[in-house]
Amino acid sequence: MPSTPATKPAKPTRAQKKITRTERRQKRRAQWRSLLQAFTMTRRNDARLIPYLVLAFVVVAAMIYLVALLLTGSRYLFIPIAVLAGLVAALFVFSRRAQTAAYSQADGQPGAALYVLQNLRGADWKTTEAVAATTQMDAVHRVTGRPGVVLIGEGAPHRVKGLLAQEKRRVARLVGDTPIYDIVVGTGEDEVPLRKLNTHLLRLPRNLAKDEVATVNKRLAALGASRMPVPQGPMPNGAKMRNVARTVRRRSS
């Protein structure tokens, strides 16, 4: 039988093109607003931000320009490339210092560790929030991935360690020989600072294959999660924190 010719997709109308252009402009504006907000917050908390950005730009741009000048002898050809390289270097420095400033501001606030866990890089991580918690906003979060099962506690260390030990026993009954790690987020001895939590998790050994991770997740699904509400990200001090604590006590009673 003769094959029917494939139908060509209809060309977008002028109205559809206008909508697409509008959406792109709105997306770009939102990105610029987010970048400006991040810059404002970082500059407020990091007095050295501007000098470091200028230094990164000047050093990298000058190095690129001098190397190109020595190799080619052209004075003007590589100026745009040097400027672009300087901007990339400054943007890299800004992203690193913005991340450090954000972690410093969030350190010690309820929900800060959960915010980091929800933004873990890689597709093999699964975070279950607040598998154990107290009315004082201490919480233990469970993360499963290639290393095995990782329990992360945030809050007062003397309360969190008890929660971690209890949750570790519960998990061990289901996962058998699967490695279980426990971490307390903080600045004390044997604790992991918030800004290093992501790196610490990524450096754990890969003990499981992907299909084994899926099996562990199925077993742990029976445990569920705590009924205690936990802030979805770092919370400010003051009235909002009092309202959250009041809600926790009401739901736990």
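Keep in mind that this is a model prediction, so the values were computed, not measured. Hydrogens, waters and symmetry mates play no part in the numbers below; they use all other heavy atoms, side chains included.
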> What heavy-atom pair brings I152 and A113 nearest, and what distance separates the two atoms?
Replying inline: CG2-CB, 4.5 Å
> If you take all heavy atoms of L117 and H141, which pair is closest and at what distance?
Replying inline: CD1-CB, 3.7 Å
> Hey, are the side chains of F39 and I50 touching, using non-hydrogen atoms and a 4.5 Å cut-off?
Replying inline: yes
> Considering residues at least two apart in sequence or located in another chain, which fulfil the side-chain contact (heavy atoms from CB on, under 4.5 Å) criterion with R75?
Replying inline: Y65, L69
> When Ile, Leu, Val, Met, Phe, Trp and Tyr are grouped by side-chain heavy atoms lying under 4.5 Å apart, directly or through other members, which residues fall in the same group as L36?
Replying inline: none
> Residues two or more places apart in sequence or in another chain: which of them pass side-chain contact (heavy atoms from CB on, under 4.5 Å) with A156?
Replying inline: D138, H158, R159
>> List the residues meeting side chain to side chain donor-acceptor pair (under 3.5 Å) with K18, not counting sequence neighbours, and say none if there are none.
In response: none
> salt bridge (Lys or Arg N to Asp or Glu O under 4.0 Å) with R97: which residues, sequence neighbours excluded?
Replying inline: D46
> With side chains defined as the heavy atoms from C-beta onward, is the minimum distance between V93 and R96 less than 4.5 Å?
Replying inline: no
>> Using modelled atom types and a 3.5 Å cut-off, is there a donor and acceptor pairing between side-chain atoms of E191 and backbone atoms of T187?
In response: yes
> Considering all heavy atoms of both residues, which atom of A89 and which atom of A56 are nearest to each other, and what is their separation?
Replying inline: CB-O, 4.0 Å
> Once you round to the nearest 0.5 Å, how far does CZ of R142 lie from CG of N217?
Replying inline: 8.0 Å
>> Is there a path of hydrophobic side-chain contacts, each under 4.5 Å between heavy atoms of I/L/V/M/F/W/Y residues, joining L91 to W32?
In response: yes
> Is there side-chain contact between T144 and T128, with at least one heavy-atom pair below 4.5 Å?
Replying inline: no
> Mind checking what makes side-chain contact (heavy atoms from CB on, under 4.5 Å) contact with V58, not counting sequence neighbours?
Replying inline: V54
>> For the CZ atom of R169 and the CG atom of L164, what is their distance to the nearest 0.5 Å?
In response: 11.0 Å
> With sequence neighbours left out, what residues match A209 under side-chain contact (heavy atoms from CB on, under 4.5 Å)?
Replying inline: D211, E212
> If you link I, L, V, M, F, W and Y whenever their side-chain heavy atoms are under 4.5 Å apart, who else ends up in the same group as I64?
Replying inline: V60, L77, F78, I81
>> Under 4.5 Å side-chain heavy-atom separation, chaining through any Ile, Leu, Val, Met, Phe, Trp or Tyr, what else clusters with F92? Say none if it is isolated.
In response: none
>> Quick check on R203: does its CZ atom have over 12 non-hydrogen neighbours (other residues, nucleotides or ligands) under 6.0 Å away?
In response: no
> Would you call L35 and Q31 a side-chain contact if the rule is heavy atoms closer than 4.5 Å?
Replying inline: no
> Of all heavy-atom pairs between P51 and A47, which one has the smallest distance, and what is that distance?
Replying inline: CD-O, 3.9 Å
> Any salt bridge (Lys or Arg N to Asp or Glu O under 4.0 Å) pairs touching residues 172-185, not counting sequence neighbours?
Replying inline: K168-D182
> Could you give the distance from CD (Q26) to CD (E23), rounded to the nearest 0.5 Å?
Replying inline: 7.0 Å
> Which ILVMFWY residues can you reach from L55 by hopping between side chains whose heavy atoms are under 4.5 Å apart?
Replying inline: V59, M63
>> If I compare all heavy atoms of F57 with all of G86, which pair ends up nearest, and what's the gap?
In response: CD1-C, 3.3 Å
> Side-chain contact, heavy-atom cut-off 4.5 Å: L201 with L204?
Replying inline: yes
> Are the side chains of D190 and V184 in touch, meaning some heavy atoms are under 4.5 Å apart?
Replying inline: no
> With the 4.5 Å side-chain cut-off for hydrophobic clustering, are L202 and V143 part of the same group?
Replying inline: yes
> Atom CZ of R24 and atom CD1 of I19: how far apart are they, to the nearest 0.5 Å?
Replying inline: 13.0 Å
>> Minimum heavy-atom separation for L208 and G148, please, with both atom names.
In response: CD1-CA, 3.7 Å
>> Suppose we screen for salt bridge (Lys or Arg N to Asp or Glu O under 4.0 Å). Which residues come up paired with R146, at least two apart in sequence or across chains?
In response: D124
